[in-house]
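Only one structure is covered here, and it is reproduced in the block below.
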Amino acid sequence: MAAHNPTSAVRVRFAPSPTGELHVGNIRTALFDWAYARHTGGTFIFRIEDTDTERVTPEYIQAALNTLTWLGLDWDEGPEVGGPNGPYLQSERLHIYAEWAAKFLSQGDAYHCYCSAEELEKVREDQRKANVAPGYNGHCRELSSDQVAAYLAQGRKPVVRMRMPDGSTTFTDLIRGEVTFEHKFVPDFVLVRADGSPLYTLAVAVDDILMKVTHVLRGEDLLSSTPRQLRVYDAMGVNPNDYPLFAHLPFVMGQDNAKLSKRNGETSIAWYRDAGFLPEAICNYLALLGWSPGDDRENVTMKELTELFTVERVHSSPAKFDIKKLEAINGDKIRALPLEEFFTWAMPFLTRAGTIQGSDTEIALVKAALPIIQERIVTLGEIPGLLNFLFVKDFAIAEDSREKILDEQSKQVLTVSVQRLSGLGEWKHEAIEAVLRTALIEELGLKPRFAFSALRIAVTGSHISPPLFESMELLGAEKSLERIRAAM
RNA sequence: GGCCCCGUCGUCUAGCGGCCUAGGACUCUGGCUUCUCAAGUCAGCUACGAGGGUUCGAAUCCCUUCGGGGCUACCA
């Protein structure tokens, strides 16, 4: 439409309707909103669209706040932090919408519609049969006062419906270019329900104007509702030069090529958090869905994202969510973690799994053990499984590994190992390795792979474990020897 | 059905008329390394949906077609 005033500071909003846990698609939108605000030095507004009182719950609203906070997507205006354009919950702004609806009515931009749900459904059905574009037929556009009186006498309660003028709406989408909708395909739409509550179409437009939003970055599903939104701006008397700019983001799809939803794979961000994915990995991966830095780099920090992110580099085609790549990025991020941070992330997983209780000795052991598993995990959720052998009270060898050390040669390995290790002065992994290599590899001529495998199973209980000698050092001489003897 | 959006390796993408016998990453396959698993490293597989134009030249521009998706609510 018109060029936007370049001197005004960027204001973008993320405005979810919390009818469930925030999911991957929502968060990708939030991330782009946030990144764009930070990139431009603008303002990031967080608004809750809870006009659908049937489906939105306080729990979901709180969960949405928690999720954004956990991801590090901090907002400048919104719930908890407030701001000059609040309140930021639409349920607290009902009087504002009512005022505007009344104004539209008095201006003739909107009118009362008395059609019942059944009547409307009948019209739509007929339209479908006749192969005509379905939509409101304008029945109540020009009612006489007698007709109105008759409807009211029947006890009908009207909705407020916006009048869509003849013609068309053209606007420039920052991602898709110029888009035009003929108004004959954009029927008159409802602004206010019969019970007086506002609909999304009214609330979203009023709030974006009142909150001085300059850029609307949102899902592609809202593309076709944009003409209605512009119609409300017009009725509000807003100068087209002051309309926000729109950018409709491509979808994030599930494996079956349908828009990602609750029924289509793990979508809730809470699930990924509990599985041990880092916020930065989730954001990094999501940023790559529909956007790229332009060069071959893919591992970006949050800071780099805010520096590099532009709407121009967002492309228009949908992307399929691939957990494999998320895992790869998560593994990279975990490996890059300084020990202290890795420890901080790891602790909740260990305590929640019951691997440790949290004593000082346990914590010291965890800190010593983390370096040897840091490069072998993809999610934090794998930590308890790998370190369990260090803390477990009633140690036992896993069923599938037990049978691998029942042969005579394995027994020989264990016997010799106990003999040599018992006299070891310094229980350090270098010394342990040296003694065992001499005894088992050089003197007995065994294959390292075979000899150490038997010991690994005896000591850690599994044929898959962190490096053997480091594991033995951490476990301590007493327990290590005890377990090897028990395995014999 | 109508309207709108979209279409490069299996997946995410680079590409914006010649640098493309199409590059990177993930996945997968094989090798190296190796005390297992990882990590690291090397190599390989595989793509411009199709058909017409425009042009000296097209993944890049235009048209058609096919395919996918969204919307079509007193949901958002």
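Predicted model, so just to flag it, every value in this text is computed and none were measured. Every chain is numbered from 1 and lettered A, B, ... according to where its sequence line falls, protein lines coming before strand lines.
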Quantified in whole Å, what is the [atom1] atom distance between nucleotide [N] and nucleotide [M]?
N: B/rC26; M: B/rU33; atom1: P; answer: 22 Å
N: B/rU65; M: B/rC9; atom1: P; answer: 23 Å
N: B/rA58; M: B/rG51; atom1: C1'; answer: 15 Å
N: B/rC61; M: B/rU72; atom1: P; answer: 31 Å
N: B/rU11; M: B/rG2; atom1: P; answer: 29 Å
N: B/rG53; M: B/rU60; atom1: C1'; answer: 15 Å
N: B/rC45; M: B/rU29; atom1: P; answer: 16 Å
N: B/rG68; M: B/rC75; atom1: C1'; answer: 24 Å

Complement of [N], any strand, by Watson-Crick or G-U distances under 3.5 angstrom:
N: B/rU55; value: none
N: B/rC3; value: B/rG70
N: B/rA50; value: B/rU64
N: B/rA43; value: B/rU29
N: B/rC20; value: none

Output the single nucleotide from [options] whose closest atom is nearest the side chain of [X].
X: A/Ile464; options: B/rU36, B/rC35, B/rC74; answer: B/rU36
X: A/Pro318; options: B/rA38, B/rC74, B/rC6; answer: B/rC6
X: A/Glu375; options: B/rC12, B/rU27, B/rA39; answer: B/rA39
X: A/Arg124; options: B/rU36, B/rC74, B/rG23; answer: B/rC74
X: A/Asp322; options: B/rA76, B/rA38, B/rC26; answer: B/rC26

Could you tell me the separation between the [atom1] atom of [X] and the [atom2] atom of [N], rounded to a whole number of Å?
X: A/Met164; N: B/rC3; atom1: CE; atom2: C1'; value: 13 Å
X: A/Leu120; N: B/rA73; atom1: CG; atom2: C1'; value: 10 Å
X: A/Phe251; N: B/rC12; atom1: CZ; atom2: C1'; value: 18 Å
X: A/Asp173; N: B/rG70; atom1: CG; atom2: C1'; value: 14 Å
X: A/Asn26; N: B/rA76; atom1: CG; atom2: P; value: 15 Å
X: A/Glu125; N: B/rG1; atom1: CD; atom2: P; value: 18 Å
X: A/Phe171; N: B/rC4; atom1: CZ; atom2: C1'; value: 9 Å
X: A/Leu468; N: B/rU34; atom1: CG; atom2: C1'; value: 14 Å

So, does [X] get its side chain near the phosphate of [N], meaning an N or O under 4.0 Å from OP1 or OP2?
X: A/Arg297; N: B/rA25; value: no
X: A/Ser224; N: B/rC5; value: no
X: A/Arg193; N: B/rC75; value: yes
X: A/Arg437; N: B/rC35; value: yes
X: A/Arg449; N: B/rU34; value: no
X: A/Ser292; N: B/rA14; value: yes
X: A/Arg313; N: B/rG15; value: yes
X: A/His248; N: B/rC5; value: no

Derivation and outcome, ring pair (Phe, Tyr, Trp, His ring centres under 6.0 Å), residues A/Phe321 and A/Tyr272: CA-CA 13 Å; A/Phe321 185 85; A/Tyr272 289 94; 5.8 Å; yes

Option passing ring-ring contact (aromatic ring centres under 6.0 Å, His included) with A/His215 (candidates A/Phe32, A/Phe14, A/Tyr36, A/Tyr243): A/Tyr36

Full working for side chain to side chain donor-acceptor pair (under 3.5 Å) between A/His463 and A/Ser453: CA-CA 6 Å; A/His463 62 280; A/Ser453 176; over 6 Å; no

Classify the nucleic acid contact of [X] as base, sugar-phosphate or nothing, counting any heavy atom under 4.0 Å across all strands shown.
X: A/Val159; result: base
X: A/Gly219; result: nothing
X: A/Thr51; result: sugar-phosphate
X: A/Pro466; result: base
X: A/Leu222; result: base
X: A/Arg456; result: base
X: A/Glu298; result: base
X: A/Leu288; result: sugar-phosphate
X: A/Phe181; result: sugar-phosphate
X: A/Thr180; result: sugar-phosphate
X: A/Ala194; result: base
X: A/Pro448; result: sugar-phosphate
X: A/Val179; result: sugar-phosphate

Less than 3.5 Å apart, any donor N or O on the side chain of [X] or [Y] sitting next to an acceptor on the other?
X: A/Gln229; Y: A/Asp208; answer: yes
X: A/Asn26; Y: A/Thr29; answer: no
X: A/Tyr97; Y: A/Asp207; answer: yes

RNA chain B: 5'-proximal contact among A/Tyr200 and A/Phe185 (nearest heavy atom): A/Phe185

Contact nearer the 5' end of RNA chain B, comparing A/Arg335 with A/Asp295: A/Asp295

Sidechain-backbone polar pair: A/Glu426 side chain, A/Ala431 backbone, donor-acceptor under 3.5 Å: no

Main-chain N/O of A/Arg163 paired to A/Asp188 side chain as donor or acceptor, under 3.5 Å: no

Exercise: identify the closest heavy-atom pair between A/Pro16 and A/Leu22: CB-CD1, 4.2 Å

Side chain A/Arg176 and base B/rC5 donor-acceptor under 3.5 Å: no

Carboxylate-amine/guanidinium proximity below 4.0 Å for A/Glu99 and A/Lys103: no

